Amino acid sequence: MSLSNRYNPKETETKWYAHWEKNNYFHSEPDEREPYTIVIPPPNVTGVLHMGHMLNNTIQDILIRRARLQGKNACWVPGTDHASIATEAKVVKLLREQGIKKSDLTRDEFLSHAFAWKDKYGGMILQQLKRLGASCDWERTRFTMEESLSKAVVKVFVDLHKKGKIYRGLRMTNWDVEALTALSNEEVIYRDEHSQLFHIRYDIEGDSNEGIIIATQRPETIMADTAIAVHPDDERFKHLIGKNALIPLINRSIPIIEDTYVDIEFGTGALKITPAHDPNDYEVGQRHGLEVVDILNANGTLNENAQILVGEDRFVARKKIKKLLEESGNLVKLEDYTTSIGHSERTDAVVEPRLTLQWYLDMKDFAATGLKAVKNGEVKFYPESMWNMYYQWLNEDNIRDWCISRQLWWGQQIPAWYVRTADGRRWTVDGQEVAFVGGTVEEALGEAKIKTCSNNLTVKDLVRDEDVVDTWFSSWLWPITVFDGFENTDELKYYYPTNTLVTGWDIIFFWVARMIMAGYEWSEELLGADLKGKQPFNDVYFTGMVRDNKRRKMSKSLGNSPDALELIENYGADGVRFGMLSCSSAGNDIIFDAPFDPVTKKSLNESKLCEQGRNFCNKMWNALRLIKGWEIEDVEQPPINELAVRWIKDKADTVMDNAEKSFDQYRLSDVLMGQYQLIWSDFCSWYLEMIKPAYIGDGKSKPLDRKTYEATIGVFEKLMVSLHPFMPFVTEEIWHQLRQRQEGNDCMVQSYPKAGKIDEELVAAFEKAKDVISKIREIRNNKGISPNEALKLFVEKSGPSEKLLDKGGIKEMLMKLGNLSELTMVNEEPSNTVSFLSGTGKYFLEVNIEIDAEAELKRLTEEKNYYIGFIKGVGKKLSNERFVNNAPAPVVEKERQKLADGEEKLRLVEESLEKLEV
RNA sequence: GAGGCUGUAGCUCAGUUGGUUUAGAGCACUAGCUUGACAGGCUAGGGGUCAUGGGUUCGAAUCCCUUCAGCCUCACCA
């Protein structure tokens, strides 16, 4: 057989992914096994794979593959999110480029464009996940806007409306002037920005000599003012209260009122009140019964109410009004000012507070439920500290109702209808529109007939609410709807609650919290006696944000992110998986150090960590080549090989044992590093070197005994299975190279190895031998003696060293790996040797060069000083009576042993020193 | 303004309820190796007053407080 001396990920990755898919290994159906379920955080249907996805999905794949190897029924449900604002914005832009305006299209026309686009480009990201090796059950791929999931949205909307938790109200909402829709509070991102504070003088009506100066950073809204407010205790303005002021430029008269909301210290102490364009002013206005003058259109331009600058954009108007105020002499002062400005998460437009009619979900009960679920441990957070953030948002002082309506078309239309009256308007009660909510128009009609007391109404008299629901109003149902739980609970009762949710902490409010709420709201109603738990998932593993070495979030716009697929191209999927994982711990942000091109300042598609992963694959590949290159014969197993086999089995079991514990706490990078060390250092550097047959020249080696060979293949197989969740492709490939396999005998469907009983004494003896070998090598290095030159080693006769060398295979191990020609026990220190200590055993290495006495003296003196310091430290502890009396006995005993060892070592070093000095 | 997280080797990080020979790994660095699986390799080495100052304790990287630095969340801001 001839294998290339480099592992080739490209070939094997496509080959094995296709093989796994062909064998239907990713698919899950309910059966008698224990389920292990993960629902993917659905990426935007139009998204492309980025570093965050890579991290996230690598972790999910590790958990899923491990569960599968453990014999569980592993089910990883993939899918995409329709991402209403983001996708609609993209489609609108695309149509505009084709010369089509959204406003010229009907709703249905627009939606067919959007679906066409989604069908063409959507789901690309899922294809990209396959490159990463994600073992999702692709047959179960879902989309938040497909029929069954949309039906569920309508169902829960109607249900919540019936329960009195959904209401429609006129509120100050965050308005996105670009997308022309309301936003929830969570969709507003605040950033500090430089701005100016305008000090503007308003004349007092009837006395043009008197004026009042207010400070504002939004001068373009003065035309919407309906009062000026001052603090009741502010002496400066007492005489003006009750008088009227005139708005500059338009000379509209507004009252001067007093309100404790005003901060005397800030600005001029006088505050213009603009109820239509500021949430706080709106409240002040309500308290004082002020009129609301709205001077802005939905797109952020000024309307006729403004009287001046009509049609101008708000920011253009700001510049223009500055000039007008300067000319009129009303602009008294300009002050630099920094303030935080809200932007739309999706379009980045500056958010405008706007008074609009929107649908809200009452969050009070939901929030309490959400808090309880985590507090009582039904949902566990990893890391636990995420609770703080969660609590802050959900506690009753902070929680706010969820604005769930959006003025968009791409999404689930709100199932509410209004009755059209004879004059073409909507039927009202006490001046308020009445909405009839129902699962179908007929249901709504039934309601309408009763409420309006008119039996002649037909569906033609009803007009449907134009709005759609917030994207998250569909994704909060994801753990239920991916199993069609609102229609049929057959699968839900098997898979619910899911096991682990893996997601970034940035969507803890948007998504995680709300899924928990939805789970508690409906799972019991749906499952009843079959309910295994109300929580949608037992554990939440929060990944950190992937950042660059300057700690900036990796993003396309910054150009600081390597291209995910290019990385896979360069290092292989396994290499990238290794790289991602080796720098990640739960909850902490991940610094993914990828070098930058010094010229373009863009990230290169390179990574040291991924390179390490690639090298690791290569290392394992070459271990395979080595083993497969040996000749095998039915000869007796030498003691050194027997020792090696017993040791590597124990070592592997120890690592496996620790891995179990780490896995249970989601310490995945610990598990991976354990495997890495085990394979590279223990298996390749020690084990294989030990059993490696001697070279006899002419490219030939002695044959290996069959027993050792079989054991080696067995251990290698075990290593591949336990590494498989992390690096699925290379392990599968090696698995198949190790032995001829029957169809279906694949690495990914083996059983996870279980740790056996460990011979601690053997492991300890082996470690001692390793130490002796390392020290021999160190002396060779220091003295410039070639590793090829065989040396003589003398061992001082003592209980422990005799015991060590008596252990089967140890002597042979020392001779082989230390390259010794002789190993002899002595009572006296032989001449012309270099002495060293290993444990409390004393060793003498014969070197055929002249010993530099001075250097030896220096080395031994340093060693001596170390032990003196060490003994002093331990001695101090032991002479402290309180330590001896208070510390647990085993701790004290250990310290005594440390002291005894230290003293013995010191004695041995001093002995050598004396000898040297003579 | 309220709250949270982090600070350990040049870099990225471990260090699990305080006690495992006066702190570990990988990368980077240094020295040696035409080694017959692998130079994407092998062998060895140097490098840390565990941010700071206190406290609790027989014992602190680990627990408590101070200060400093970085990051984050929420709220408010005329």
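Here is the naming used below: chain letters follow the sequence lines, and residue numbers restart at 1 for every chain. The model shown is predicted, which means the values in this text are computed figures rather than measured ones.
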Testing the basics here: between A:Ser607 and A:Leu567, what is the closest heavy-atom pair and its distance to 0.1 Å? CB-CD2, 4.4 Å
Of all the heavy-atom pairs spanning A:Met813 and A:Lys770, show the shortest one and how long it is. CE-CG, 4.1 Å
For [X] and [N], what is the distance between atoms [atom1] and [atom2] respectively, to the nearest whole Å?
{"X": "A:Phe883", "N": "B:rC58", "atom1": "CZ", "atom2": "C1'", "result": "7 Å"}
{"X": "A:Arg780", "N": "B:rU35", "atom1": "CZ", "atom2": "P", "result": "15 Å"}
{"X": "A:Ile189", "N": "B:rA75", "atom1": "CD1", "atom2": "P", "result": "10 Å"}
{"X": "A:Arg6", "N": "B:rG41", "atom1": "CZ", "atom2": "C1'", "result": "10 Å"}
{"X": "A:Asn5", "N": "B:rG36", "atom1": "CG", "atom2": "P", "result": "12 Å"}
{"X": "A:Asp192", "N": "B:rG1", "atom1": "CG", "atom2": "P", "result": "14 Å"}
{"X": "A:Ile785", "N": "B:rA44", "atom1": "CD1", "atom2": "C1'", "result": "13 Å"}
{"X": "A:Leu626", "N": "B:rA37", "atom1": "CG", "atom2": "C1'", "result": "5 Å"}

Out of [options], whichever nucleotide has its closest atom nearest the side chain of [X]:
{"X": "A:Arg614", "options": "B:rG40, B:rA44, B:rU21", "result": "B:rG40"}
{"X": "A:Arg667", "options": "B:rG41, B:rC13, B:rG15", "result": "B:rG15"}
{"X": "A:Glu778", "options": "B:rC38, B:rG45, B:rC72", "result": "B:rG45"}
{"X": "A:Gln677", "options": "B:rG3, B:rG19, B:rG26", "result": "B:rG26"}
{"X": "A:Ile591", "options": "B:rC13, B:rG19, B:rC72", "result": "B:rC13"}

Would you mind classifying the nucleic acid contact of [X] as base, sugar-phosphate or nothing, using non-hydrogen atoms under 4.0 angstrom?
{"X": "A:Asn782", "value": "nothing"}
{"X": "A:Tyr866", "value": "base"}
{"X": "A:Lys872", "value": "nothing"}
{"X": "A:Asp670", "value": "sugar-phosphate"}
{"X": "A:Asn886", "value": "base"}
{"X": "A:Trp387", "value": "nothing"}
{"X": "A:Arg777", "value": "sugar-phosphate"}

Where are the stems of RNA chain B, defined as at least 3 consecutive Watson-Crick or wobble G-U pairs with both distances under 3.5 Å?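 Correct response: B:1-7 with B:68-74, B:10-13 with B:24-27, B:29-33 with B:41-45, B:53-55 with B:63-65.
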If the cut-off is 4.0 Å, is [X] near the phosphate of [N], judged by side-chain N/O to OP1 or OP2?
{"X": "A:Trp680", "N": "B:rC42", "value": "yes"}
{"X": "A:Lys619", "N": "B:rC42", "value": "yes"}
{"X": "A:Arg400", "N": "B:rA75", "value": "yes"}
{"X": "A:Ser774", "N": "B:rA44", "value": "yes"}
{"X": "A:Asn615", "N": "B:rG41", "value": "yes"}
{"X": "A:Ser685", "N": "B:rU43", "value": "yes"}

Could you verify whether a donor N or O on one side chain and an acceptor N or O on the other, from A:Ser701 and A:Lys692, lie under 3.5 Å apart?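 Short answer, no.
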Once you measure the plane-to-plane angle for A:Trp387 and A:Tyr390, does it fall in the parallel (<30°), tilted (30-60°) or perpendicular (>60°) bin?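 Because their plane-to-plane angle lies in the 30° to 60° range, the rings of A:Trp387 and A:Tyr390 count as tilted.
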Say you pick atom P in B:rG59 and the same atom in B:rA75; how far apart are they, in whole Å? 47 Å
Integer angstrom distance from the C1' of B:rA23 to that of B:rU62: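 It comes out at 12 Å once rounded to the nearest Å.
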Hey, mind stepping through A:Glu895 and A:Lys877 against salt bridge (charged side-chain N to carboxylate O under 4.0 Å, His left out) and telling me if it holds? CA-CA 8 Å; A:Glu895 291 299 316; A:Lys877 217 181 222 184; 3.7 Å; yes
For A:Val891 and for A:Ser385, find the nucleotide of RNA chain B with the closest heavy atom, then tell me which residue's nucleotide is more 5'.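 Nearest nucleotide further toward 5': that of A:Ser385.
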Can you say whether a donor on the side chain of A:Lys608 sits under 3.5 Å from an acceptor on the base of B:rC27, or the other way round?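 Counting by modelled atom types and ignoring angles, no donor-acceptor contact under 3.5 Å is found here.
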When you measure only distances, ignoring hydrogens and angles, does the side chain of A:Glu689 come within 3.5 Å of the base of B:rA37 through a donor and an acceptor?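 Yes.
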List in chain and number order the residues that pass side-chain contact (heavy atoms from CB on, under 4.5 Å) with A:Gln612, two or more places apart in sequence or in another chain; answer none if no residue qualifies.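 With neighbours one apart ignored, the set is A:Phe578, A:Leu609, A:Tyr676.
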Assess whether side chain to side chain contact (heavy atoms under 4.5 Å, CB included) is satisfied between A:Leu271 and A:Ile228, documenting all intermediate values. CA-CA 6 Å; A:Leu271 171 64; A:Ile228 287 177; over 6 Å; no
Do A:Tyr7 and A:Trp621 have their ring centres less than 6.0 Å from each other? yes
Take a 6.0 Å sphere around NZ of A:Lys783 and say whether it holds more than 12 heavy atoms from other residues, nucleotides or ligands. yes
